[in-house]
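Report on one structure; see the data block that follows.
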Amino acid sequence: MDEQFARARAHLAQVEPGLVDFLRLARRSIVVNLPIQMDDGSVQNFVGYRVLHSRLLGPGKGGIRYHPDVTLTEVTALAALMTWKCALVRVPFGGAKGGIACDTKSLSEGELRRLTRRYIAELGDDIGPYTDIPAPDLYTDARVMAWVFDTYDQMHPGENNWPVVTGKPRELGGSQGRDQATGRGCVETLERFLQVDGLPGMSALDGARVAIQGFGDVGTAAARCFRDRGARVVAVSDSRGGILADDDAALDLERVAAHKAEAGTVAGTPGTRTITNEDLLALECDVLVPAALGGQIHSGNVGSVRARVVLEGANRPVTPEADDALAARGVPVLPDILANAGGVVVSYAEWVQNIEHHDWSLEEVHAHLREAMVSAVDRVVARWRGFPADAATSGLSTDLRTAAMVEAVQRLATVTEQRGIWP
Ligand code: NAD
């Protein structure tokens with residue numbers, strides 16, 4: 001994050017340096033200790049975090065992740081990413097992130113519920129529908145969000161508490177289309193980029209050859225959306241391996257999903273050839289979508305990437321060194337804060353519906369998502385094309401990621417100046 005921020009900052013020489021420092025740093029970090037009675041009667045302490053990076057544009061917004069590697073540093077970086085993302089796609093939220101260092105695979109459902117309730121109780125009024133609104137992230141899901149809501153609701157009786165958390169089950173005010181939003185938003189992003197002639201020689205998705213790393217929420221939804229718009233998804237992968245369609249055909253995605261549901265992996269789907277994740281990243285294709293983990297395309301393997309455009313479904317899948325190498329070869333990277341912002345756009349839709357006690361149709365949610373993504377792409381492309389001709393020779397970064405970051409940071413700087421530094 002610091003590297004990305006520094007690249008954007010170099011374009012913002014007119015903004016007061018102290019203000020830029022303020023925009024980079026988190027506003028507030030909370031560390032909580034959570035004693036949990038385990039099923040065997042023992043007591044185990046877990047450490048939880050919640051970082052509010054910015055509330056300049058509205059309440060903090062960001063997921064809660066449960067993973068053994070969760071640290072304050074990681075949560076802080078991801079909270080900053082949320083600030084830039086929300087500013088870029090113009091949802092009226094700031095950035096936040098939370099997490100607990102734990103291994104959900106070794107916890108029973110009861111232990112997980114007690115851990116979640118204790119965490120939310122400890123955060124108290126540091127989260128709330130108008131202050132900081134959590135959502136699901138790595139190893140947390142709608143079921144965990146239901147406990148988040150219920151705990152907060154027990155602590156605040158008599159209020160409309162539905163908007164305190166998004167990504168809830170449908171029965172508890174979750175929005176239509178939230179599960180597909182990020183993958184669909186990726187496809188909307190690329191389609192718009194092609195429509196505005198972002199990639200010479202490719203103006204539409206029809207017939208495009210697509211490879212997708214990761215076949216989870218984001219990868220699956222993106223794959224189906226690509227298929228529905230006439231593209232050919234030829235390869236997908238998960239943590240246990242990848243597959244390539246026989247005879248260069250498009251994959252039968254429903255067959256792949258059914259195989260994964262049964263076997264736990266896409267590998268071995270009938271009518272496909274098994275490949276490694278490295279093979280998938282090196283496939284000759286039009287579009288490569290890393291939609292699994294961070295740091296997947298790096299200085300060690302970027303030389304083998306043969307896609308014409310990279311679409312970041314995951315957060316930070318391309319390292320800064322790989323960014324530079326791809327830029328030098330003229331391969332555009334549609335960056336995470338733009339490409340995977342569909343999730344937060346539909347989270348915002350859920351929050352609005354909860355406040356208004358409405359339930360939008362799937363068509364309304366899709367239309368809202370499309371409009372938000374199209375206008376964000378247009379703003380980023382305008383910035384990108386507006387970089388001075390001598391910027392690159394002056395050592396400034398002029399890729400799409402930098403354009404997106406400049407757009408986001410500039411907006412936050414303008415809002416801060418208009419509000420006036422307090423007191
Ligand atoms: P998920 O857990 O549903 O899916 C992740 C997928 O990645 C799984 O198929 C998993 O098997 C695969 N995977 C794990 N390790 C892998 C490896 N080494 N090689 C190849 N595949 C591997 O998660 P998700 O919700 O789809 O999120 C994917 C990424 O997108 C994450 O980086 C997440 O932070 C980011 N993201 C998600 C959302 C969202 O709304 N879900 C929004 C923004 C960003």
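When reading the values below, keep in mind they use all heavy atoms of this one structure, side chains included, and skip hydrogens, waters and symmetry mates. Numbering of ligands and ligand atoms starts at 1, following listing order. Treat the numbers as computed from the prediction; the structure is a model and nothing was measured.
- Between the side chains of His156 and Asp125, at least one donor N or O lies within less than 3.5 Å of an accepting N or O.
- The main-chain N or O of Val266 is never found under 3.5 Å from a side-chain atom of Lys260 such that the two would form a donor-acceptor pair.
- Between Glu350 and Arg178 there is no salt bridge, since no side-chain N of the basic residue sits under 4.0 Å from a carboxylate O of the acidic one.
- Regarding atom 11 (O) of ligand 1, its nearest protein heavy-atom neighbour is Ser239 N, 3.0 Å.
- Residues Cys86 and Val91 have side chains in contact (heavy-atom distance under 4.5 Å, counting atoms from C-beta outward).
- Regarding atom 6 (C) of ligand 1, its nearest protein heavy-atom neighbour is Gly216 N, 3.8 Å.
- Residue Asp217 places at least one N or O, backbone or side chain, under 3.5 Å from an N or O of ligand 1.
- At least one donor-acceptor pair closer than 3.5 Å links the side chain of His67 to the backbone N or O of Asp69.
- Closest to atom 36 (N) of ligand 1 among all protein heavy atoms lies Gly313 O, 4.0 Å.
- From the protein, the heavy atom lying nearest to atom 21 (N) of ligand 1 is Asp238 C, 3.2 Å.
- There is a side-chain donor-acceptor pair under 3.5 Å between Thr265 and Asp238.
- The shortest N or O to N or O distance between Gly219 and ligand 1 is not under 3.5 Å.
- When each of Glu188, Glu371, Arg184 is tested with His366 by the rule side chain to side chain donor-acceptor pair (under 3.5 Å), just one qualifies, namely Arg184.
- With a 4.0 Å heavy-atom cut-off, ligand 1 is reached by the backbone of Ala291 but not by any atom from C-beta on.
- Thr140 places a side-chain N or O within 3.5 Å of a backbone atom of Ile64 that can act as its donor or acceptor partner.
- Contacts classified as ring pair (Phe, Tyr, Trp, His ring centres under 6.0 Å) and involving residues 87-108 (residues at least two apart or in different chains) are given here: Phe93-Tyr348, Phe93-Trp351.
- Considering backbone and side-chain atoms alike, Leu293 places every N or O at 3.5 Å or more from each N or O of ligand 1.
- Note that atom 18 (N) of ligand 1 has protein non-hydrogen atoms nearby, at separations under 4.0 angstrom.
- With sequence neighbours left out, Phe215 forms a ring-ring contact (aromatic ring centres under 6.0 Å, His included) with no residue at all.
- Only the side chain of Gln213 comes within contact range of ligand 1, with a heavy atom under 4.0 Å; no backbone atom does.
- In terms of protein heavy-atom proximity, atom 33 (C) of ligand 1 is nearest to Asn315 ND2, 4.4 Å.
- Near Arg178, meaning under 4.0 Å from any of its heavy atoms, are these atoms of ligand 1: 40 (O).
- The shortest N/O to N/O separation between Ala292 and ligand 1 falls below 3.5 Å.
- Taking 4.0 Å as the cut-off between side-chain N and carboxylate O, Arg55 and Asp132 do not count as a salt-bridged pair.
- When hydrogens are left out, the protein atom nearest atom 44 (C) of ligand 1 is Asn340 ND2, 3.5 Å; that is the closest non-hydrogen contact.
- Geometrically, ligand 1 and Thr182 share a nitrogen or oxygen pair separated by less than 3.5 Å.
- The shortest contact between atom 37 (C) of ligand 1 and any protein heavy atom is with Val218 CG2, 3.5 Å.
- When distances from atom 4 (O) of ligand 1 to the protein are checked, a heavy atom turns up under 4.0 Å.
- At under 3.5 Å, a nitrogen or oxygen of Asn277, whether backbone or side chain, sits near a nitrogen or oxygen of ligand 1.
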